[in-house]
Amino acid sequence: MTTYTMPNETGRYGNFGGRFVPELLMPAVIELEKAYEEAINDPKFIEELNYYLKQYVGRETPLYYAEGISKKIGGPDIFLKREDLNHTGAHKINNTIGQALLTRRMGKKKIVAETGAGQHGVATATVCALLGLECVVFMGEEDIRRQKLNVFRMELLGAEVCSVSQGSGTLKDAVNEALRYWVSHVNDTHYILGSVVGPHPFPKIVRDLQAVIGKETKQQIVEQTGELPDAVVACVGGGSNAMGMFYPFIEDKDVKLFGVEAGGAGLETNKHAATLSSGNIGVLHGTLTHLLQDNHGQIEEAFSISAGLDYPGVGPEHSHLHDSNRVTYTSITDDEALEAFQFLSKSEGIIPALESAHAVAYALKLAKEMKQGETLVICLSGRGDKDVEQVKSLLEGK
Amino acid sequence: MGKERIENAFLEKQSANENLFVPYIMAGDGGLEILEKRIEFLKKCGAAAIELGIPFSDPVADGPTIQEAGIRALENGTTLTAVLEKLNSFQEKRTVPIILMTYLNPIYVYGVEKFASDCREAGVDGIIIPDLPMEEEAFIAESLKAHSIAFIRLAAMTSPIERLVELANRTEGFLYAVAVTGTTGARTVHEENVKAYLQLLKENSSVPVLAGFGVSSVQQAQDLGTYCDGVIVGSKIVELFYNGKTEEVKSLIKGSISNEYILG
């Protein structure tokens, strides 16, 4: 078996990835790449990162055997990787803590970030408060309206939240504006990208920092069952929790990997965010990957019940794993996710994030085709407290 | 055609002792039907070449003025295909070089080879791609070369000297010197180190060096013109056309190209 060594030295994952940024940003991404390689080869940095992951983030997170839903389905044993139990309630902080430590190491004092629903923004504002870094977060005005509480959380943590009215006023536009801000402040500012997207080395840095999810899972499942799982399921927007979960399993060919995209109102409706399932290849935000776009290369808006999956692109490594058939990508509609949201709440006493509910919904379908004695792991990327109000109004509206 | 047409047009202006002035307009802002008239007008005002922007949904190198022009153009239904067809329709009459400024994705989706070939057909002389650094350019540079289209590189003030020298070596037609650390759009002052940066580029470039991003007045054009061969003005031109102030476009260009201009 060949060893998986993506990305190559130019930031390519097969045909995908690269760094398509203005010349103004090239020195910064080259500097970042160098600083990152030095950092991860420095035992002191790793020690510091591990310290914060354990003492501040609260790792390791449990791999919980979900007996309730396993029994109800009557198929495989289903395990939940509890990323919802991290500080700030999702996997996002695995990345932000690492990048904030890297920022300090590079001698930069300011952070810029984008956020959709506000989860990455909160996770970024949190680590900036912890490490005394100045923090500016760009958020679409539509998202600010929908996620008032997260805006207040970020402000409480000392961050400045800037409203983005350009374009559709959502995540993609927030990324554009964060990139523009970075272009203008590149000398003293680091950009903490929230997912495995953007120009090299971001997809690699975010994957590596999130890979703690898959590494722990691998060890925990072997401790609990004596062997590797038969299937692993994670939701994919930009794809950081999925990439972090999948990466340590890529060479374990007997472990089937499933990425679940947001099917919105259904793939036939054009109101979805299923980039790999129905998009095509192009360049957005510095990387060559699958995109939702029209025939002239204009990027289209993504739609999903879950703000965290509402992105018209996807990480280039997912595009590669899709093309090489190592990971199976599929989608779940808003309605199916909503149903799984309630099912997990009632069956296990765990309210999942709407993002994670997509993974749960697909896992429940998959479980019906699997046998007793097999094992299935779901990456429960975040908790659903942030979604309760939205779900309430959706259910009452029905 | 192509590279040579740009070089000849620039030489002609410089022989007449003029500073070079390249105005930027957004294709489709105001409708594609006005494009021919607008290009002729700019040529008459003294433009050395026209930089024609192709609208893109996610223009990360642009400030608010050009972003909004792009949105208007997209709302008008402007596409790369339609712009190339329009340029093709009046290329015989055109006497000023056309340089397309487009983000990579519309080209990628159009097809790189077809794009280069259709540009040639439509009489496009040069291409600027703001989100394509040297490291990634090989796949498109070959096609442009095969069709003799000038591939104009952008230099930035954040680039270390080795990169600046390499960009100056690679560029064709002219070198686009981004003169701010930021996006496009009007600014009142330029950073102090602009002078040294432009001089370094001049020393290393065999083609003219033009400063762009943030240039919005005759004064700035004249100041920058002291250290390089001329300027590219985008946001200000776009704004003046949008507000119907065509006389001001004329005075901005005439004042900028004149070497007899008395600084105020």
Side-chain angles (χ1 to χ4, degrees), chain A residues 9-12 15 17-31 33 164-168 172-189 198-200 280-289 291-301 312-313, chain B residues 54-64 67-68 70-71 73-74 77-83 102-111 115 129-139 153-160 162-164 167 176-178 180-185 187 213-214:
Chain A
E9 66 284 356
T10 61
R12 292 291 179 139
N15 295 321
R19 44 189 165 199
F20 298 91
V21 293
E23 175 63 18
L24 255 167
L25 287 181
M26 277 308 289
V29 296
I30 291 169
E31 177 199 10
E33 184 184 8
V164 179
S165 57
Q166 286 91 340
S168 50
K172 143 183 117 73
D173 309 288
V175 175
N176 289 340
E177 214 45 41
L179 280 168
R180 289 185 189 113
Y181 183 93
W182 198 30
V183 163
S184 306
H185 299 82
V186 65
N187 293 326
D188 62 354
T189 303
H200 177 65
N280 44 46
I281 299 167
V283 177
L284 178 67
H285 298 148
T287 192
L288 181 63
T289 188
L291 304 172
L292 299 179
Q293 57 182 332
D294 70 12
N295 295 333
H296 301 283
Q298 306 296 340
I299 309 305
E300 292 181 325
E301 240 183 286
Chain B
I54 302 297
F56 180 50
S57 52
D58 296 82
V60 294
D62 286 306
Q67 286 176 42
E68 282 156 25
I71 291 167
L74 289 173
T78 310
T79 62
L80 178 55
T81 315
V83 174
T102 173
Y103 288 86
L104 182 57
N105 198 49
I107 302 179
Y108 189 86
V109 171
Y110 194 93
F115 170 76
I129 309 171
D131 57 348
L132 187 65
M134 286 189 286
E135 284 78 355
E136 302 285 355
E137 71 183 24
F139 78 108
R153 270 62 162 202
L154 293 127
M157 291 177 63
T158 49
S159 316
E162 318 82 77
R163 283 185 79 84
L164 293 177
L167 287 161
Y176 193 137
V178 175
V180 296
T181 306
T183 54
T184 59
R187 282 168 186 75
F213 281 41

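Order of the sequence lines fixes the chain letters, A, B, ..., with proteins taken first and strands second; residue numbering starts at 1 for each chain. Because the structure is a prediction, the values reported are computed rather than measured.
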Query raised in the report: Is A:E23 reaching over with its side chain to a backbone N or O of B:R153, donor-acceptor style, under 3.5 angstrom?
Result: no
Report task. With the side chain counted from C-beta on, respond yes when B:Q67 and A:R180 share a heavy-atom pair under 4.5 Å apart, and no when they do not. Result -> yes
Query raised in the report: Minimum heavy-atom separation for B:T183 to A:S184, with atom names?
Result: N-OG, 4.0 Å
**Report entry** Proximity breakdown for B:L104 and chain A, heavy-atom pairs closer than 4.5 Å
**Finding:** side chain
Query - Contacting moiety of B:Y108, where chain A heavy atoms sit under 4.5 Å - result: side chain
Query raised in the report: Mind checking whether A:M26 and B:M134 have side chains closer than 4.5 Å, heavy atoms only?
Result: no
Query - B:P59, part contacting chain A, at a heavy-atom distance under 4.5 Å - result: both
Query - A:Q298 portion near chain B, given a 4.5 angstrom heavy-atom threshold - result: both
Query - Part of A:E300 lying under 4.5 Å from any heavy atom of chain B - result: neither
Report summary line: Note: vs chain A, highest number of non-hydrogen pairs under 4.5 angstrom among B:S57, B:P160, B:A156 is B:S57
Query raised in the report: Testing A:V21, A:L179, A:L25, A:V183 for side chain to side chain contact (heavy atoms under 4.5 Å, CB included) with B:V60, which one passes?
Result: A:L179
Report summary line: Hits for ring pair (Phe, Tyr, Trp, His ring centres under 6.0 Å) against A:F20, two or more places apart or cross-chain, chain-then-number order -> none
Query raised in the report: Do you know which two heavy atoms are closest between B:D58 and A:H285, and how far apart they sit?
Result: OD2-NE2, 4.4 Å
Requested in this report: Might you point out which heavy atoms bring A:P27 and B:T158 nearest each other, and give the distance in Å?
Outcome: CG-O, 3.3 Å
Report summary line: Between A:N295 and B:V109, the two heavy atoms sitting closest are O-CG1, 3.4 Å
**Report entry** Least distance between heavy atoms, A:T10 atom then B:E136 atom
**Finding:** O-OE2, 4.3 Å
Report summary line: Honestly, the part of B:P130 sitting under 4.5 Å from a heavy atom of chain A is backbone
Query raised in the report: Should B:E135 and A:I30 be marked as a side-chain contact (heavy atoms from CB on, under 4.5 Å) after you check the CA-CA gap, both sets of side-chain angles, and the distance that decides it?
Result: CA-CA 11 Å; B:E135 284 78 355; A:I30 291 169; 4.1 Å; yes
Report summary line: Sorted by chain and number, sequence neighbours left out, ring pair (Phe, Tyr, Trp, His ring centres under 6.0 Å) with A:H296 holds for none
Query - Reported CG-to-CG distance for the pair B:N105 and A:L288, which is rounded to 0.5 angstrom - result: 9.0 Å
Query - Portion of B:I129 that has a non-hydrogen atom of chain A nearer than 4.5 angstrom - result: neither
**Report entry** Which atoms of B:L167 approach chain A - backbone, side chain, both or neither, heavy atom under 4.5 Å
**Finding:** side chain
Query raised in the report: Which heavy atom in A:R19 sits nearest to a heavy atom in B:P133, and how many Å separate them?
Result: O-CG, 3.2 Å
Query - Worked verdict on B:T79 versus A:D294 for side-chain contact (heavy atoms from CB on, under 4.5 Å) - result: CA-CA 11 Å; B:T79 62; A:D294 70 12; over 6 Å; no
